[in-house]
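All values below come from the heavy atoms of this structure, side chains included, with hydrogens, waters and symmetry mates left out. All figures in this text were calculated on a predicted structure; none of them were measured in a lab.
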Amino acid sequence: MVLFELINPAPLTQNVKSREANIYLYRAMWLIGWIPPKAGLLRYVYLFWTCVPFAFGVFYLPVGFIISYVKEFRNFTPGEFLTSLQVCINVYGASVKSTITYAFLWRLRKTEQLLDTLDRRLQTDSDRQKIHDMVARSNYAFLIYSFIYCGYAGSTFLSYTLGGHPPWSVYNPFVDWRDGLGSLWIQAIFEYITMSFAVLQDQLSDTYPLMFITIFRAHMDVLKEHVRSLRMDPDKSEQQNYEDLVNCVIDHKIILRCCDMVRPMISRTIFVQFALIGSVLGLTLINVFFFSNFWKGVASFLFVITILLQTFPFCYTCNLLIDDGDDLANTIFQSNWVDAEPRYKATLIHFLHNVQQPIIFIAGGIVPISMSSNISVAKFAFSIITIVRQMNLAEKFQ
């Protein structure tokens, strides 16, 4: 299908740029109102649409959950309350993350300009094949995220509505779902549409870090191949070999500039997620273990997957990026430099020194983004479950 053609690597006869790894990402941003036309009347119409998802997903949902708890708390069953509360906490985090992402979209555009420079410096078909594979892999990953996030929203909507209850119990001043079946479905559909705005905004905030780090890793892989080929062509002069080394140094500096450009965005959004993942995951698992039937358990299980997808793949990719830096340093040291001229050796030493500085992203300027940090913050979920078990809270609320 044409819609999914980007999940397969394009042939080398086709010119593919690194920015094409984000085609599906930007299509979703356009759909949610984040990429307006540059000029014309349609720009102002589109800006009105931009306000709609923000009004419902960023402002209405957080307020609606709180009002619902104040007015309807006695009517909640434990399972319904936990289903609502776990999403409520995540909605507050998603509101902050999506606002940060939207405010810093210009950084992604600047990063793509730097990536265009790296694309122009590709030398061989092998280099281009790496970029083609990365583009397909990134778009495929975004589709997987889309199916899982949409699957959660759809399964929660159906399981609760068919069970005779609104899926998230968000306050609605115009409809009382207890007035009849029609009112229930109006409330449920309204909640589903509203939640879909928040889910898509959350997905965009969760996927852009993974997409861009995947692109950076592909160019690091290309750079390692360029370093391996240094001074391996007997037909090149020492001046030409030196120019090849300088080009490698420049490529590395551009990759570092790309990382610096997205670092403020990633630092803020991942910090918000680190702050929430333990509590949200803990509440969801309690709901699954103690208060869910089969279909509601399926919806909660999909929610657990979405929570894990918000940080674990990205943290793992950050670990891989650090490993890429170590591999690049080893590749430089093992390159053919022993009998090179002094100028070449001096530049190589400087290059090696810079490469040995790991590329690290820090959440909120406090916590290094890595698998170990992610596991540490996620462990709080099991602390919550332990407290519930030891105090028999689940039985008391049955």
Inset, instruction - Not counting sequence neighbours, list each pair that qualifies as a side chain to side chain donor-acceptor pair (under 3.5 Å) and has a residue in residues 349-361. - result: H350-N354
Inset, instruction - With F361 as reference, evaluate C315, C259, P209, S267 under the side-chain contact (heavy atoms from CB on, under 4.5 Å) test and give the passing residue. - result: C259
Legend entry - Qualifying ring pair (Phe, Tyr, Trp, His ring centres under 6.0 Å) pairs, either residue in residues 192-251, two or more places apart: W49-F197, F157-Y192
Inset, instruction - Verify, without hydrogens or angle tests, whether K345 (side chain) and V338 (backbone) share a donor-acceptor contact under 3.5 angstrom. - result: yes
Inset, instruction - Search all heavy atoms of R43 against all heavy atoms of P36 and return the closest pair with its distance. - result: NH1-CG, 3.7 Å
Legend entry - Point-to-point distance, once rounded to the nearest 0.5 Å, from CE of M261 to CZ of R109: 14.0 Å
Inset, instruction - Kindly compute the distance separating OG (S335) from CE (M232), expressed to the nearest 0.5 Å. - result: 9.5 Å
Inset, instruction - State plainly whether one hydrophobic cluster holds both L6 and W30, where clusters connect Ile, Leu, Val, Met, Phe, Trp and Tyr through side-chain heavy atoms under 4.5 angstrom apart. - result: yes
Inset, instruction - Could I get the full list of ring pair (Phe, Tyr, Trp, His ring centres under 6.0 Å) partners for Y26, not counting sequence neighbours? - result: none
Legend entry - Heavy-atom pair of closest approach, residues E191 and Q187: OE2-NE2, 2.6 Å
Inset, instruction - Would you mind checking if D125 and R128 are paired as a salt bridge, meaning a charged N to carboxylate O distance below 4.0 Å? - result: yes
Inset, instruction - For the pair S146 (side chain) and F142 (backbone), establish whether a donor and an acceptor sit closer than 3.5 Å, ignoring hydrogens and angles. - result: yes
Inset, instruction - Find the distance between CG (L308) and CD1 (I277) and round it off to the nearest 0.5 Å. - result: 6.0 Å
Inset, instruction - Using a strict 4.0 Å threshold on nitrogen-to-oxygen distance, state whether K17 and D119 make a salt bridge. - result: no
Legend entry - W337: partners by ring pair (Phe, Tyr, Trp, His ring centres under 6.0 Å), with sequence neighbours left out: none
Inset, instruction - Only counting residues at least two apart or in another chain, list the ones meeting ring pair (Phe, Tyr, Trp, His ring centres under 6.0 Å) with F190. - result: Y60
Legend entry - side-chain contact (heavy atoms from CB on, under 4.5 Å) partner of I7, chosen from L143, I144, V135: L143
Legend entry - Sidechain-backbone polar pair: T161 side chain, A188 backbone, donor-acceptor under 3.5 Å: no
Inset, instruction - Scan for salt bridge (Lys or Arg N to Asp or Glu O under 4.0 Å) pairs involving residues 193-205, sequence neighbours excluded, and state none if there are none. - result: K97-D202
Inset, instruction - Side-chain contact test, heavy atoms from C-beta onward, threshold under 4.5 Å: evaluate it for E225 versus S229 and give yes or no. - result: no
Legend entry - Shared-cluster residues of V63, by chain and number - hydrophobic side chains joined below 4.5 Å: I67, Y171
Inset, instruction - Kindly indicate whether the side chain of R107, heavy atoms from C-beta on, has any atom under 4.5 Å from the side chain of K110. - result: no
Inset, instruction - Please tell me if the side chains of Y160 and P166 come closer than 4.5 Å, counting only heavy atoms from C-beta onward. - result: no
Inset, instruction - Determine yes or no for a side-chain-to-main-chain donor-acceptor pair under 3.5 angstrom, with S373 supplying the side chain and I369 the backbone. - result: no
Inset, instruction - Might you confirm whether atom CZ of R257 has over 12 heavy atoms from other residues, nucleotides or ligands at distances under 6.0 Å? - result: no
Inset, instruction - Check ring pair (Phe, Tyr, Trp, His ring centres under 6.0 Å) between Y152 and all other residues, then give those that pass, not counting sequence neighbours. - result: F303
Legend entry - Side-chain (Y46) to main-chain (I35) donor-acceptor, under 3.5 angstrom: yes
Legend entry - For the student: nearest non-hydrogen atoms of L210 and P313, plus distance: CD1-O, 3.9 Å
Inset, instruction - Return the minimal non-hydrogen interatomic distance between S68 and S169, and the atom names on each side. - result: OG-O, 2.6 Å
Inset, instruction - Say whether, by atom type as modelled, one donor and one acceptor occur between the side chain of H132 and the main chain of P9 under 3.5 angstrom. - result: no
Legend entry - N247 CG to Q123 CD distance, which is reported to the nearest 0.5 Å: 7.0 Å
Inset, instruction - With the side chain counted from C-beta on, respond yes when Q239 and R343 share a heavy-atom pair under 4.5 Å apart, and no when they do not. - result: yes
Legend entry - F314 vs L309 side-chain heavy atoms within contact, under 4.5 Å: no
Inset, instruction - Give, for atom OG of S370 and atom OH of Y316, the distance between the pair rounded to the nearest 0.5 Å. - result: 13.5 Å
Inset, instruction - Please examine the side chains of L230 and N336, heavy atoms only from C-beta on, and report whether any two atoms are closer than 4.5 Å. - result: no
Legend entry - Identified salt bridge (charged side-chain N to carboxylate O under 4.0 Å, His left out) counterpart of R217 within the set D327, D324, D323: D324
Inset, instruction - Using the rule that two of Ile, Leu, Val, Met, Phe, Trp, Tyr join whenever any of their side-chain heavy atoms come within less than 4.5 Å, decide whether F312 and I305 are in one cluster. - result: yes
Legend entry - Side-chain cluster (under 4.5 Å, hydrophobic types only) that F174 belongs to, other residues: V175, I186
Legend entry - Test item: N90 side-chain N/O and Q86 main-chain N/O as donor-acceptor pair under 3.5 Å: no
Inset, instruction - Taking all heavy atoms of D176 and all of S183, pick out the closest pair and write down the distance. - result: O-CB, 3.3 Å
Inset, instruction - Using a 4.5 Å cut-off on heavy atoms from C-beta on, say whether the side chain of I266 contacts that of R263. - result: no
Inset, instruction - Would you mind listing every ring pair (Phe, Tyr, Trp, His ring centres under 6.0 Å) that reaches into residues 87-127, with sequence neighbours excluded? - result: W34-Y102, F54-Y102
Inset, instruction - Grab the two heavy atoms, one from I215 and one from S18, that are nearest each other, plus how far apart they are. - result: CD1-O, 3.7 Å
Inset, instruction - Supply the members, apart from L42, of the Ile/Leu/Val/Met/Phe/Trp/Tyr cluster built from side-chain contacts under 4.5 Å; use none for a lone residue. - result: none
Legend entry - Test item: S205 and S98 side chains (from C-beta on) under 4.5 Å apart, heavy atoms: yes
Legend entry - Intermediate values then yes/no, salt bridge (charged side-chain N to carboxylate O under 4.0 Å, His left out), R121 and D127: CA-CA 9 Å; R121 300 172 69 85; D127 296 345; over 6 Å; no
Legend entry - N-O pairing of D133 and K130 below 4.0 Å: no
Inset, instruction - Inspect the contact between E238 and R231 and indicate whether a charged nitrogen and a carboxylate oxygen are less than 4.0 angstrom apart. - result: yes
Legend entry - Co-membership, hydrophobic cluster, residues I193 and I32, 4.5 Å side-chain: yes
Inset, instruction - Any chance you could pull the hydrophobic cluster mates of I322, using side-chain heavy atoms under 4.5 angstrom and chaining through other members? - result: I360, I362
Inset, instruction - Quick one: pull up CD1 in I255 and CE in M220 and give me the separation to the nearest 0.5 Å. - result: 5.5 Å
Legend entry - N/O donor-acceptor pair under 3.5 Å between T50 side chain and G33 backbone: yes
Inset, instruction - Group every Ile, Leu, Val, Met, Phe, Trp and Tyr by side-chain heavy-atom contacts under 4.5 Å, then state whether L31 and F56 land in the same group. - result: yes
Inset, instruction - Group every Ile, Leu, Val, Met, Phe, Trp and Tyr by side-chain heavy-atom contacts under 4.5 Å, then state whether F48 and L41 land in the same group. - result: no
